[in-house]
Amino acid sequence: MTQEKKVIIHAKNVKKHFGDFEALKGISMDVREGEVVVILGPSGSGKSTFIRTINQLEKHDAGLIVVDGTELNDDIKNLETIRSNVGMVFQQFNLFPHLSVLKNIALAPQKVRGLSVDDAEAIARPLLERVGIPEQADKFPTQLSGGQQQRVAIARALAMQPKIMLFDEPTSALDPEMIKEVLDVMKELAASGMTMIVVTHEMGFAREAADKFYFFDEGLLVEEGTPDHFFTSPKEDRTKLFLSQIL
Amino acid sequence: MISANLFHTFKWIKINLFSSKLNTILTLISLLFIFYFLTTLLSFVFFSAEWKVIDTNLRLLLIGPFPENEEWRIWASVYWITALSGFSFAHYGSISRKILLYSFLSIFLLMLLIEPMSNVNLFILSILSIIFFIVGYLFHSIIKIKSIYKNKMVLIGWAITLPLVVLFLKIFGGVETTKWGGYFLNIMLAWTGIIFGFIFGLLLAIGRASSLVVIKYSCTVYIEVIRAAPLVAWLFFAYLVIPDLLPDIFANKVDIALRVVIVLSGFTAAYIAEIIRGGLQSVHFGQIEAAKALGMNAYQSTSLIILPQAIRAVIPALVSQFIALWKDTTLLLAAGLAFRELLGSGKAALSQLEFIGKYSEVYLFVALLFWIVSFSMSRFSLNFEKKLGLNKGD
Ligand SMILES: Nc1ncnc2c1ncn2[C@@H]1O[C@H](COP(=O)(O)OP(=O)(O)OP(=O)(O)O)[C@@H](O)[C@H]1O
Ligand SMILES: [Mg+2]
C-alpha cells in the first residue's frame, strides 16, 4: 500500500559535524506520504540531530535532503514556509509560558499564516478537542500536567496543518501514568494518515503504529526494516544488543 | 459575623506578632518606634509646622517659572491624563474601589491642608481633574463597543499622551522649555526619559545579543562607556561639552531640555539594556526552537516569544530603574543646570528671607511629592505583574 505513495522526505548521505565530532556519518532514508517511521538507537547515536535536520533546526554539512519536493540548502529563501509544513514535538514540550493554551495553538496560524484571531481560534478549539482537553483552553501551560502540556504541544504543531510531524522522544519527560494519553493521541494521528517520524523507546507504541523502524548507532544507520523484522529476526549484532536492553 | 471576624483578627495577631517571647519583644519595640515616629510626624504636620512657605510657593514648587497666563496648557494635559486614567481604570476593572477612594480622599485632605482656600482657582481646577477622571470612567461604560476596541483605545490613548502633552505645551506660541520647572519638569523629564530610555535600551539589548559583530560590539561599547561615568558627569557633558563639539550653527540651537532628556534616556538605556539582557538569558533555548519549528521568522520569534518572556521576567528590576530615573531628575540641580525642578524650587523657596529655616516643611512636602510618584510606579508594576498572571512556578 504505502509503497505506491510518493516519497515526501528524501535524505541521502546526510552528514553533520559538531566541531571535530561527527554526529551523523551519512544517513539515507526515504519516507513516503502517510508512513509512520520510528527511529531507535542508543543515547548520542544522532537520532535527534537527524530529525532536526529535516526542519533545519540543525543545518546539515553534506548530503541531500528533499522535503516535499524542496531541497534544503543554503540558498533556500522560504525556510519558514517549509518549517511551517513540518510540525515538531519536543521532549520538553516547549510551550509558550506567557500565553494561554488557546493562544499557544492559535499564535502561529495567526502570525505565520496570517489568519484573523477568530479564524485562528476556530482552528485551535477543535484541535484541543481532538487531543482531549477542550476545557483547558484558557489556562496557562504551567497549570497543566505534563501529559496535558504535551498534548497541547501536539495540537500547536497540528494547527499549522503540517504534512509531516516530527516527534523527538515526546514521552520521555513524562511520568509513567501520563505516557499513555500522549501515545493515544499519536496513535490516532498515525491512523489518520499523517506522515510521522518518531524518535521513541516506547516499543508498544512502535510495534502498533509504525510502518518502519530505523536503528541508529554512532551516527550511522545500522539497520532498517518492518517492526516484525526487528522483533523476530534482527540481523546486526548492535541491533540485537540494543533491543535486548530495552525490551 | 463580626465576632467571627474579630476572632480571626485576634488569631492573626497572636500568630504573627506574639508567637514567642522574642517575637513579642520585637513587636513591642517596633510598635514603640512606630508610635513615636507617627506622633512626632503628626504633631509636626498638624501643630508646629508653618505651612505658609508651601502655600506661598506652591506655584514655584509645582510648575516653577511657567508663565501664569499659559497655565491652561498644563491643566489641559492634566485633564487628558486624568480622563484617560478614569477610562483605563474602568477598563481594567481590577483596581479596587477602596484604593481609588483612599487616594481621592488623601489628595483632597492634602489640598485642604496646604491650601487653606487661599487659592480658590487652584482648588476648583484640581477638583475638575477628579471630575474628568469620573467622566473618563463613566464614558467607558456608556460606549457600547467590543472590549478589544476599548483595549485599543486605552493603548492608543496612552501612546499618544506624551506627544499630545508636548503639543499642548508648544501649540499657539508655546512656552520655552527654559520656563518649565518644578514638579511638572521632573515629571516631564522622567516620563520622556523612561519612554525613550526603554525603547533605546531594548534596542541595545537586542543589538548586544545580535550575531552581527559590528552591531554587537557597538552596543557593548556604548553600554560600558555610559556606565563608566555617573549621571551628573553626563549632564555636565550635555550642558557644557556638547555645544563645543557641535558646529557653531547648531551649538545653541539644541534645546537644553532636549539635551537633558537625551542624556537621561541615553543613560537609563544602558542600564535597561543590561536588565533586559538578563531577561533574554532567562528565556529557555527551547522557546526559540519551538517558534522556529512553527515557521516563525527571526522578527516574529523575537517580538512574540522571546521579548515578552524576557521583559516579564525583569519587570521588578525595570521598575526600580524607572524609579531611580525619576529621582535622578533632581540631579539637574547638582549639575548646575539653569532649571528649577522640584528640589531646586524647594531650595529657592528656602532662600526667601521670610521662610529661612523652614527646611522641614519644604523637604517634607518635596519628599511627599516624590514618594507619590515612586509609590504609584511600584504599585502599578505589582498590579501589572498580577495581570500578566506571573507565576512563581515558571
Ligand atoms: N549542539 C551540539 N553541539 C555539540 N555536540 C552536539 C550538539 N548536539 C548534539 N551533539 C552531539 O551529537 C551526538 C548526537 O546527539 P543527538 O542529540 O542527536 O543524540 P540522540 O541520539 O538524540 O541521543 P539521546 O537519546 O540522548 O537524545 C551526541 O554525542 C551529542 O553530544
Ligand atoms: Mg535526542
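Proteins get letters first, then strands, A, B, ... in listed order; numbering begins at 1 in each.
- A 6.0 Å sphere centred on NZ of A:K187 holds more than 12 heavy atoms belonging to other residues, nucleotides or ligands.
- Using a 4.5 Å heavy-atom cut-off against chain B, the contacting residues of residues 146-156 of chain A are A:R156.
- Residue contact with chain B, scored on non-hydrogen atoms closer than 4.5 Å, involves the backbone of A:L95 exclusively.
- Residues B:R312 and A:P97 approach most closely at NH2-O, 4.2 Å, considering heavy atoms.
- Along residues 38-72 of chain A, the residues that come nearer than 4.5 angstrom to chain B, judged on non-hydrogen atoms, are A:R52, A:N55, A:L57 in order of number.
- Residue A:F90 touches chain B through its side chain alone, counting heavy-atom pairs closer than 4.5 Å.
- The environment of CZ in B:F196 is sparse: at most 12 heavy-atom neighbours from other residues, nucleotides or ligands sit within 6.0 Å.
- Contacts of residues 110-119 of chain A with chain B at a heavy-atom distance below 4.5 Å involve A:K111, A:V112, listed in sequence order.
- Taking non-hydrogen atoms and a 4.5 Å limit, the residue list of residues 289-306 of chain B in contact with chain A, ordered by number, reads B:E289, B:A290, B:A291, B:K292, B:A293, B:L294, B:G295, B:M296, B:N297, B:Q300, B:L304, B:I305.
- Remark: B:Y217 OH is loosely packed, at most 12 non-hydrogen atoms of other residues, nucleotides or ligands lying under 6.0 Å away.
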